[in-house]
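For reference, the structure is listed below as structure tokens.
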Amino acid sequence: MTRIGMLHYRQKPHHVTKAFAYAAAAKMHGSDFFYFSYSGIDFDHRRIKGWIYQEGSWHEKDLPFPEVIINISAPRSSKQKAVSRALRRQIPFISRSIGSKLTVYNKIKRGKTFAGHLIPSHPLQSTADVQLFLQDHPEAVIKPHSGRKGESIHFITKLEDGSVTWQTGLEKQTCPREVWEKKVTDLLQNKKYLIQPYIDSRTNAGFSYDFRLHVHKNEEGRWQTALIYPRISGTKRLTSNVSRGGYRGELVPFLKEEFGREYYNIKQLLEYFAVQFATHFETLYPGRSFDEIGIDAAVDRHQKLWIYEVNWRPGSRHREFSIARHMIPYACYMAQQYKS
């Protein structure tokens with residue numbers, strides 16, 4: 001019986017939905033599971049004050065170190081980072097960072113196999129970069145190097161007089177050159193940004209959409225598909241993030257509605273691409289293994305698949321149990337690999 005620990009920055013598991021899902025999945029799998037945070041760890045005696053779920057509620061216990069750690073959240077302070085590093089030297093963690101958007105982009109590009117599915121991306125350092133980019137791509141997207149939930153994404157369209165239409169969320173305006181240049185300058189004072197051409201991926205009703213391809217390792221350490229679902233904007237927003245007013249659809253009904261008789265071919269394309277990409281992607285990080293990744297992808301009007309971005313902690317809100325029942329067996333596999 002494998003002893004699994006879930007490490008989280010929150011002190012208690014009571015409001016961490018994933019903790020309950022993983023506790024339930026572990027019980028069904030026949031594994032021991034407990035939740036713990038960065039405090040209450042005794043390295044000298046290899047003991048932890050953690051939480052176990054028994055008889056309908058969480059109970060705090062003094063527990064031995066786990067054999068494997070599910071690290072579902074990043075440390076929030078320098079002290080937590082130090083504890084995380086110390087634990088990682090003794091116990092396998094199942095999650096690893098893949099780096100920023102630009103790091104991931106460059107790795108895929110150098111890997112060549114899936115480079116043709118990358119949306120051309122360039123670091124944005126000045127207004128001149130935007131002007132030059134718009135010469136070849138009259139519709140462009142400006143997004144931060146490291147962002148989440150569709151935050152701070154801006155869509156611009158070049159107009160003949162040198163002005164642009166600038167859309168952020170639902171707000172859309174026409175900006176003369178001096179106005180949009182100031183917008184770009186202001187953006188660059190706070191964060192690092194990329195610029196990409198806009199990929200036209202819309203439903204028959206005109207709403208923007210993309211696909212989340214959520215893949216994970218199974219009990220044999222092999223990649224397999226956990227979830228694939230469309231995310232539809234539902235408004236005039238050009239992003240389809242659920243946190244920004246979009247919604248999740250069901251894959252097969254959506255594909256039938258949008259692609260008709262071609263729906264099954266698109267479904268196979270997405271499933272095959274997800275596993276093959278994940279398998280290749282992991283080889284770009286020698287010496288590292290990943291537990292799950294989320295690939296945000298679009299299918300354009302020519303049915304070509306484009307990679308928007310790759311996430312190493314893909315969200316699974318409302319689908320926690322579906323993910324947990326797969327990840328517990330992989331955690332057991334990791335513990336066994338570490339022992340051997």
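In this chain, residues are counted from 1 in sequence order. Given the structure is predicted, the values throughout are model-derived calculations rather than measurements.
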Flag side-chain contact, heavy atom, 4.5 Å: [X] against [Y]:
X      : Y      : value
Asn71  : Arg313 : yes
His326 : Glu292 : no
Thr203 : Ile232 : yes
Asp296 : Arg231 : yes
Asn311 : Arg212 : yes
Val130 : Val164 : no
Tyr105 : Val310 : no
Thr157 : Tyr198 : no

Minimum heavy-atom separation for [X] to [Y], with atom names?
X      : Y      : answer
Trp166 : Cys175 : CB-SG, 3.9 Å
Ser163 : Pro176 : CB-CA, 3.7 Å
Phe34  : Gly50  : CD1-CA, 4.3 Å
Met1   : Ser31  : CG-CA, 3.9 Å
Leu213 : Phe273 : CD1-CD2, 3.9 Å
Val215 : Ala274 : CG1-CB, 3.6 Å

is_close_aromatic(Phe33, Tyr35), centroid dist under 6.0 Å: no
More than 12 heavy atoms of other groups within 6.0 Å of Lys107 NZ: yes
Heavy atoms of other groups near Arg47 CZ, more than 12 under 6.0 Å: yes
What distance separates [X] [atom1] from [Y] [atom2], expressed to the nearest 0.5 Å?
X      : Y      : atom1 : atom2 : value
Trp51  : Ser57  : CH2   : OG    : 9.5 Å
Ile52  : Glu60  : CD1   : CD    : 11.0 Å
Ile41  : Arg46  : CD1   : CZ    : 11.5 Å
Leu159 : Leu134 : CG    : CG    : 10.0 Å
Ile307 : Glu309 : CD1   : CD    : 11.0 Å
Ser37  : Ile48  : OG    : CD1   : 10.5 Å

NZ/NE/NH1/NH2 to OD/OE distance under 4.0 Å, Asp291 and Lys217: no
Chi angles and distances behind the side-chain contact (heavy atoms from CB on, under 4.5 Å) call for Leu187, Leu124: CA-CA 10 Å; Leu187 287 177; Leu124 183 56; 5.9 Å; no
Show every donor-acceptor pair shorter than 3.5 Å between a side-chain atom in residues 108-123 and any protein atom, with sequence neighbours excluded, or say none if there are none.
{"unit_1": "His117", "atom_1": "ND1", "unit_2": "Leu305", "atom_2": "O", "d": "2.8"}
{"unit_1": "Ser121", "atom_1": "OG", "unit_2": "Ile119", "atom_2": "O", "d": "3.0"}
{"unit_1": "Ser121", "atom_1": "OG", "unit_2": "Gln196", "atom_2": "NE2", "d": "2.6"}

Joint hydrophobic cluster, [X] plus [Y], side-chain heavy atoms closer than 4.5 Å:
X      : Y      : answer
Phe155 : Tyr308 : no
Ile70  : Phe321 : yes
Phe277 : Ile98  : yes
Leu255 : Tyr264 : yes
Val184 : Ile156 : yes

Pair Glu262-Gln303, side-chain contact (heavy atoms from CB on, under 4.5 Å): steps then yes or no: CA-CA 10 Å; Glu262 283 290 302; Gln303 296 187 4; 3.9 Å; yes
Non-neighbouring partners of Trp223 that pass side-chain hydrogen bond (donor to acceptor under 3.5 Å, both in side chains), sequence neighbours left out: Glu282
side-chain contact (heavy atoms from CB on, under 4.5 Å) between Ile195 and Asp129, intermediate numbers included: CA-CA 9 Å; Ile195 187 166; Asp129 293 332; 5.7 Å; no
Side chain Tyr272, main chain Val275, donor-acceptor under 3.5 Å: no
Flag, side chain of Thr225 to backbone of Leu227, donor-acceptor distance under 3.5 Å: no
Positive for ring-ring contact (aromatic ring centres under 6.0 Å, His included) with Phe254, one of Phe207, Tyr209, Phe259, Tyr229: Tyr209
Sequence neighbours excluded, every pair satisfying salt bridge (charged side-chain N to carboxylate O under 4.0 Å, His left out) that has a member inside residues 170-190: Arg177-Glu181, Lys182-Asp186
Pair listing, ring pair (Phe, Tyr, Trp, His ring centres under 6.0 Å) test, anchored in residues 282-304, at least two apart: Phe281-Tyr285, Tyr285-Phe290
Derivation of the side-chain contact (heavy atoms from CB on, under 4.5 Å) call for Tyr22 and Ile4: CA-CA 10 Å; Tyr22 276 75; Ile4 302 169; over 6 Å; no
Sequence neighbours excluded, every pair satisfying side-chain hydrogen bond (donor to acceptor under 3.5 Å, both in side chains) that has a member inside residues 72-88: Tyr9-Arg76
Distance-only donor-acceptor hits, side chain of residues 327-340, under 3.5 Å, sequence neighbours excluded:
{"unit_1": "Tyr338", "atom_1": "OH", "unit_2": "Gln90", "atom_2": "O", "d": "3.1"}
{"unit_1": "Lys339", "atom_1": "NZ", "unit_2": "Glu67", "atom_2": "OE1", "d": "2.5"}
{"unit_1": "Ser340", "atom_1": "OG", "unit_2": "Gln336", "atom_2": "O", "d": "3.2"}
{"unit_1": "Ser340", "atom_1": "OG", "unit_2": "Gln337", "atom_2": "O", "d": "3.2"}

Side-chain H-bond candidate by donor/acceptor type, Tyr193 with Ser152, under 3.5 Å: yes
